[in-house]
Chemist: 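Provided herewith is a single structure, encoded as structure tokens, for subsequent inquiry.
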Amino acid sequence: MEDLKFVMDTIWVLVAAALVFFMQAGFAMVETGFTRSKNAGNIIMKNLMDFSVGSVIYWAVGYGLMYGTDLGGFLGMPSFFFSGDYTALIFQTVFCATAATIVSGAMAERTKFSSYLIYSFFISLLVYPISGHWIWGGGWLSQLGFHDFAGSTAVHMLGGAAALVGAYVLGPRLGKYTKDGRSMAIPGHSVTLGALGVFILWFGWFGFNGGSQLAASSVEDALAIGRIFVTTNLAAAMAAIAAMTVTWIRYKKPDVSMTLNGALAGLVAITAGCDVVTPVGAAVIGLLGGVTVVFAIEFVDKVMKVDDPVGAVGVHMVNGALGTVMVGVFAVDGGVLYGGGFGLLGVQALGVVAVLAWTLLTTYIIFNVINLTVGLRVSEKEEMVGLDLEEHGMESYADFQVRT
Amino acid sequence: MEDLKFVMDTIWVLVAAALVFFMQAGFAMVETGFTRSKNAGNIIMKNLMDFSVGSVIYWAVGYGLMYGTDLGGFLGMPSFFFSGDYTALIFQTVFCATAATIVSGAMAERTKFSSYLIYSFFISLLVYPISGHWIWGGGWLSQLGFHDFAGSTAVHMLGGAAALVGAYVLGPRLGKYTKDGRSMAIPGHSVTLGALGVFILWFGWFGFNGGSQLAASSVEDALAIGRIFVTTNLAAAMAAIAAMTVTWIRYKKPDVSMTLNGALAGLVAITAGCDVVTPVGAAVIGLLGGVTVVFAIEFVDKVMKVDDPVGAVGVHMVNGALGTVMVGVFAVDGGVLYGGGFGLLGVQALGVVAVLAWTLLTTYIIFNVINLTVGLRVSEKEEMVGLDLEEHGMESYADFQVRT
Amino acid sequence: MEDLKFVMDTIWVLVAAALVFFMQAGFAMVETGFTRSKNAGNIIMKNLMDFSVGSVIYWAVGYGLMYGTDLGGFLGMPSFFFSGDYTALIFQTVFCATAATIVSGAMAERTKFSSYLIYSFFISLLVYPISGHWIWGGGWLSQLGFHDFAGSTAVHMLGGAAALVGAYVLGPRLGKYTKDGRSMAIPGHSVTLGALGVFILWFGWFGFNGGSQLAASSVEDALAIGRIFVTTNLAAAMAAIAAMTVTWIRYKKPDVSMTLNGALAGLVAITAGCDVVTPVGAAVIGLLGGVTVVFAIEFVDKVMKVDDPVGAVGVHMVNGALGTVMVGVFAVDGGVLYGGGFGLLGVQALGVVAVLAWTLLTTYIIFNVINLTVGLRVSEKEEMVGLDLEEHGMESYADFQVRT
Amino acid sequence: MDKMTKIDIITRPEKAEDLKEALNQIGITGMTFSHVLGCGLQKGKSEYYRGSQYKIDLLPKIKIEVVVCEVPVDLVVSTATQVLRTGEVGDGKIFVYATQDVVKVRTGEQGVKAL
Amino acid sequence: MDKMTKIDIITRPEKAEDLKEALNQIGITGMTFSHVLGCGLQKGKSEYYRGSQYKIDLLPKIKIEVVVCEVPVDLVVSTATQVLRTGEVGDGKIFVYATQDVVKVRTGEQGVKAL
Amino acid sequence: MDKMTKIDIITRPEKAEDLKEALNQIGITGMTFSHVLGCGLQKGKSEYYRGSQYKIDLLPKIKIEVVVCEVPVDLVVSTATQVLRTGEVGDGKIFVYATQDVVKVRTGEQGVKAL
Ligand SMILES: Nc1ncnc2c1ncn2[C@@H]1O[C@H](COP(=O)(O)OP(=O)(O)O)[C@@H](O)[C@H]1O
Ligand SMILES: Nc1ncnc2c1ncn2[C@@H]1O[C@H](COP(=O)(O)OP(=O)(O)O)[C@@H](O)[C@H]1O
Ligand SMILES: Nc1ncnc2c1ncn2[C@@H]1O[C@H](COP(=O)(O)OP(=O)(O)O)[C@@H](O)[C@H]1O
């Protein structure tokens, strides 16, 4: 019976790992679709390589730091080139890669390729594993009872915060802001590919959240995963509806790319609590996520004047934080609304703040060191001509007549 | 043992549900690929939103009407905001969404976005759940022994019939028919995305048909699902070959988009009987489907003069009906060819007629009421300029030089 | 317990079969993305039809030849229209189709559609099943202990060798070589679709390699599949890194399409030994694969002057062979590096040579017979105008202004 | 040598087909179309894309170039005007230029015979 | 009838917006843009694509066509030159042609009134 | 001021490369290419798309614009004719126009020096 449990749990986690891997395709499509054709190959390449580099580094070092024997609540005892039950490794690898790849979109169209590789190396080596240890590896946050089921904070907020720092250090794309500081639209080159990416992500998210149950052998597991599928789906659906509605009111027309961001925002927001909230709770969290993401993206763009071409900060950082905190409100067991008092809410907020601080600090150092040594940004001319030609010597759409 | 069965069945259904969800991406790609670039974002948005709205409504109301305690064979006892074993809900939700999304393709390039949302609301609220109850919810058709394993009728024919009514009430796109009534080609903007959509659908269909076994815990289940995979695949393959051959003969050249439709037609046709026919039977059904779809699409286009840009009526309605009726012929147990007499065939035909009548009637009312109140169709100018710009204020391919 | 084992094994194989099916979408996207827009629909059609024709033929004849009772180690006792446990059929069908579809990319942009259908027919009828019998069907190679876990040789090298012969017999595309024999670049029309294809293939490969365990019911199975996921992923990641690095050095800039090929090369190379090598071994095999593929593609292109638009020969044939041989080096049990001596290495090399000879010979005959009868290549004018218009009467991107 | 004239017509893309047929009917056998972006009295629009202002002020137009000799310029202009006029801004403009010579590549014929 | 002139400006695509504004400012209300590929002193580059040489020698340029009458040609040329000059090869060229006539389709007006 | 002339060559896209090289060889350093759709004696084709008639009657052509001064027009025309002639319909046409002035933006040079 123990054996059977092991087999069933393992197979489930592996199926989920494959689905989460596939989210890489989703990110690649969203990020390329929402940016310009002259940089399409470059962004693809960044997505491919952060996964590749991350897979190797996380195996070599990262996993050990994250899941090694706890050292003072802060990190795991280092060990190299993981060996053991490899199912754990592959599942954690694809999560690490998700965090890493979020950044490429926010830094798109102006980041040097080589510098991006260096960043990828460090996020998978240190940034993600260490705060991951706090949350999932037996570290101090997990000891406090911090609940982040599938990684609203551990994965998404971390990736989104790194994205914010990266985009901030880089500065905006040429032409993004007028001299008097107005934000200009720079439309993406393929809404269809971007939308395909969102559908792929939504699909993969069933593995992301469902797989995080890490078990599929008992009736409780089965019921839990079924409910996770529903909460995940409802949050995304409600968030899409909400984002569409908000843009319809604010911009007079329902904005396609923002609605797509809305669906992702709902998915990010429900990730922390998909196992502990009711479907109604999930729908409300989705609603909040969908509303929030529109204002968050506008805030980053117009108030902070940080140029995030794909909305990664609004989607992942803001909604990662929101979703994590909402666990303290909507968790059936411990949430404010269910008479659980403010204890859980406090721990959730603390976790968000701690991981945010950690990420902002470490990535600020990393990006600045890269910037001061090899340089983070391509030259003006390279940016103007496009990274595909300048950094890779090719055109992504060689047969098509491109406008400007 | 009971527990183990529950777990195994549940996990299988959840994996299948994820695959069926992914079919949404397939529909979105087929529909956008087969229509013009100036409406690409709009059709994507319709696909995204019919799923989102449908997910919420079906959870809130639809599921109850479909699976609630039977009231006189006609509908289930209403109950709201489903709670229970959520695996059932998510699996049924993605089926409902499949039916709903079929319509968007047939009504593409000229339907008001807001009106489409209203239609989405009602199909998931009423039209699909009620006839679904007849077939799968314990209603009168299921009591008669009507066999529609995974939904050739319940899902596809229903969606296709709604598509027919929608396209009919809307009228053809500007320029689709000459003054003397000849049908003009309006080529789609991306055969590659359309083909990708077909591959995604074919992939998802293994979940659609395989998952409809609803169990994966006994040797019988395992054998059955294995055979379902084979019948599903063979029908699609034969249908693609058949459609290719027919177009090659009729148009002198093998038509790519029609062959893609052919594969889908085979999938639709085998859906009702994938569990009860032999692989040979499946191959023949596929063959019939592939031949039929070409003539059906031409009939709709040239004789009925209903403008269905993606061939949804030919694929889903006609082949949904065909496949359902063919169960009465090819079912090993009860089919005419296997000495089962005409009983089953009669029931199958009856079911098709009943659901067809129901769908035509209800959607005719819905579309006409929408048309008379908020209006179903965009203005001529909006249609000419394109729905992306007019309804969403954006261009889907902002970097590319568009022809026309 | 036996029953449970059967169910668990079956369901796993079916999930894997669906994933492997989805690789068809990956191949279609890679091949169309890496070639020109004027042939995009044609290559899609070839991918769709080789799968469709192959599915039918392999069911009707091929499976029997491959898995029928062994006749002298050379082929299986023929039997037609498979019946039995259909799970085996569908799983083997999608593998056969993978081998078949590799060829279309190498022969892209100049092969007559009808001739391609004929080729598809024969590879699924004879070429693949017979050498498949040697390796997996109980034939002579399997009797010698040849180890090709998921098909580096049986599937990929075979497909790649057929691709080489096909591209060789066809001759290069117009304009590919200058009069003095220099190779000219003919860029593909969509790097984004090509990259999407690679992500889809990588995703599907978890099914390809993981499913080849053919069992998921014991602790050993579970551990094995987990390790297979890791070896597969690491090999691909290392290969992508290696190919990127090599191109960066050789061409001064990291080449996007070659790096994408690199990832595939790693996947192909690890396929034979993914179950018997350590993650470190897998990483090294990936590294070798990534380096090799760049030189192999250049060699085919510049030295052999065989025009292979998508790099199928370098990826599948060369790395299929490499990976198979490397099993003799890196297999924990029997590999040279683990003190296993040269026995296994010898058998592996023998298997590679035998299957290579078989494939080159049979496909050379097939392609030449086709060439001499119906003709293999389209006319110059058709090639110039594009196969979409000439062979299918349509444009794949009717709305876009195409360059040249 | 007869006087040859080049006429450039810039108008709405959706009128391309009608214009082509009308010009065919008055005996014009050759013409060249291109997709251009126009800026004139017809104003583009300003939309919101992700909350930022998005000015679409270059409108897609089609340019038809016709070189004529035997067919009178006035006839071309009046035919085009008739087909293209909707009365709303954006109907477009017709420009007329002198042409010095025409050569038909296939035959090498020059001048009026080349048309 | 006043003299009408057509001015073709071929330059870098990234200057399109600035040029449009500058021309607007000197009173030009209509212009037509198209995307062209240029070959001049500014050389393209040679890259490697999958190991083969890949010459990108036609560079994307933008062509602006303006027909003027009241606005002096010299003013257009000097305005454009000022906006476009970077001093590096690839700044582009301005070509000036005589125009015989202009017709405004919407109103049928001809000549200077059509502009 | 020397006489400057603009030559428009409309021909098959696949000839672009050859033509560019031939013109380079006779000393032409600048030219501008654009993708156009042509309608002439070479007829398009009528296909079936999903069973409906699909007329593809505008064929993809390439237009090369060259303004010359020192290089004689005749040489350009004869060079182009030679390179482009296949003898089948669709070889294309060459149009010759007078040019009043040329300005090189980078230097401000005018006339022949600008070329
Ligand atoms: N002076 C001009 N020079 C070049 N092109 C012009 C000029 N005026 C108008 N055009 C072209 O004609 C198109 C239609 O002009 P517009 O002023 O919008 O319409 P209308 O002439 O019907 O009022 C413009 O979009 C532009 O492409
Ligand atoms: N003689 C010419 N005829 C037509 N177009 C030309 C001519 N000379 C230059 N051009 C166009 O002008 C563009 C800019 O010319 P180029 O020589 O690169 O820059 P610059 O004039 O600044 O030195 C070219 O890319 C080409 O499109
Ligand atoms: N009178 C004309 N005015 C403008 N363009 C023309 C004219 N005649 C021909 N063309 C252009 O030249 C191209 C080639 O002409 P066509 O008649 O097909 O070939 P050929 O001249 O070799 O017989 C046409 O597609 C069209 O773009």
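If you're wondering where the values come from, they're calculated on a predicted model, not measured in any experiment.
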Chemist: Can the positive tip of E:Lys6 be found less than 6.0 Å from the middle of the six-membered ring of D:Phe95, inside 45° of the ring normal?
Modeler: no

Chemist: At a heavy-atom separation under 4.5 Å, does E:Glu109 approach chain D through its side chain, its backbone, both, or neither?
Modeler: neither

Chemist: Pick one of side chain, backbone, both or neither for D:Glu88, based on which atoms fall under 4.5 Å of a heavy atom in chain E.
Modeler: backbone

Chemist: Quick one: CD on E:Glu17 to NZ on D:Lys55, what's the gap to the nearest 0.5 Å?
Modeler: 6.0 Å

Chemist: Has E:Lys45 got more than 12 heavy atoms of other residues, nucleotides or ligands less than 6.0 Å from its NZ?
Modeler: yes

Chemist: Closest heavy-atom contact between D:Arg85 and E:Val105?
Modeler: NE-O, 2.8 Å

Chemist: Could you tell me the separation between the CG atom of D:Leu58 and the CE atom of E:Met31, rounded to the nearest 0.5 Å?
Modeler: 8.5 Å

Chemist: If you count heavy-atom pairs within less than 4.5 Å of chain E, which of D:Thr81, D:Ile7, D:Leu59 leads?
Modeler: D:Thr81

Chemist: Supply the atom-to-atom distance E:Gln110 CD to D:Ile94 CD1, rounded to the nearest 0.5 angstrom.
Modeler: 9.0 Å

Chemist: Quick one: NZ on D:Lys61 to OG1 on E:Thr32, what's the gap to the nearest 0.5 Å?
Modeler: 9.0 Å

Chemist: Which bit of D:Val89 comes within less than 4.5 Å of chain E, counting heavy atoms only: side chain, backbone, both or neither?
Modeler: both

Chemist: Locate the shortest heavy-atom distance separating D:Tyr97 from E:Ala98; write the atom from each residue and the value.
Modeler: CD2-O, 3.5 Å

Chemist: Please state whether the side chain, the backbone, both or neither of D:Thr5 comes within less than 4.5 Å of a heavy atom of chain E.
Modeler: side chain

Chemist: Return the option, out of D:Val36, D:Leu37, D:Asp8, with the maximum number of heavy-atom pairs under 4.5 Å with chain E.
Modeler: D:Leu37

Chemist: Measure the CG-SG distance between E:Leu23 and D:Cys39 for me, rounded to the nearest 0.5 Å.
Modeler: 9.0 Å

Chemist: Identify which one of D:Thr86, D:Leu41, D:Leu84 satisfies the side chain to side chain contact (heavy atoms under 4.5 Å, CB included) criterion when paired with E:Arg106.
Modeler: D:Leu41

Chemist: Heavy atoms only, distances under 4.5 angstrom: which of D:Asp57, D:Val73, D:Thr11 has the most pairs with chain E? Name it, please.
Modeler: D:Asp57

Chemist: Take a 6.0 Å sphere around OH of E:Tyr48 and say whether it holds more than 12 heavy atoms from other residues, nucleotides or ligands.
Modeler: no

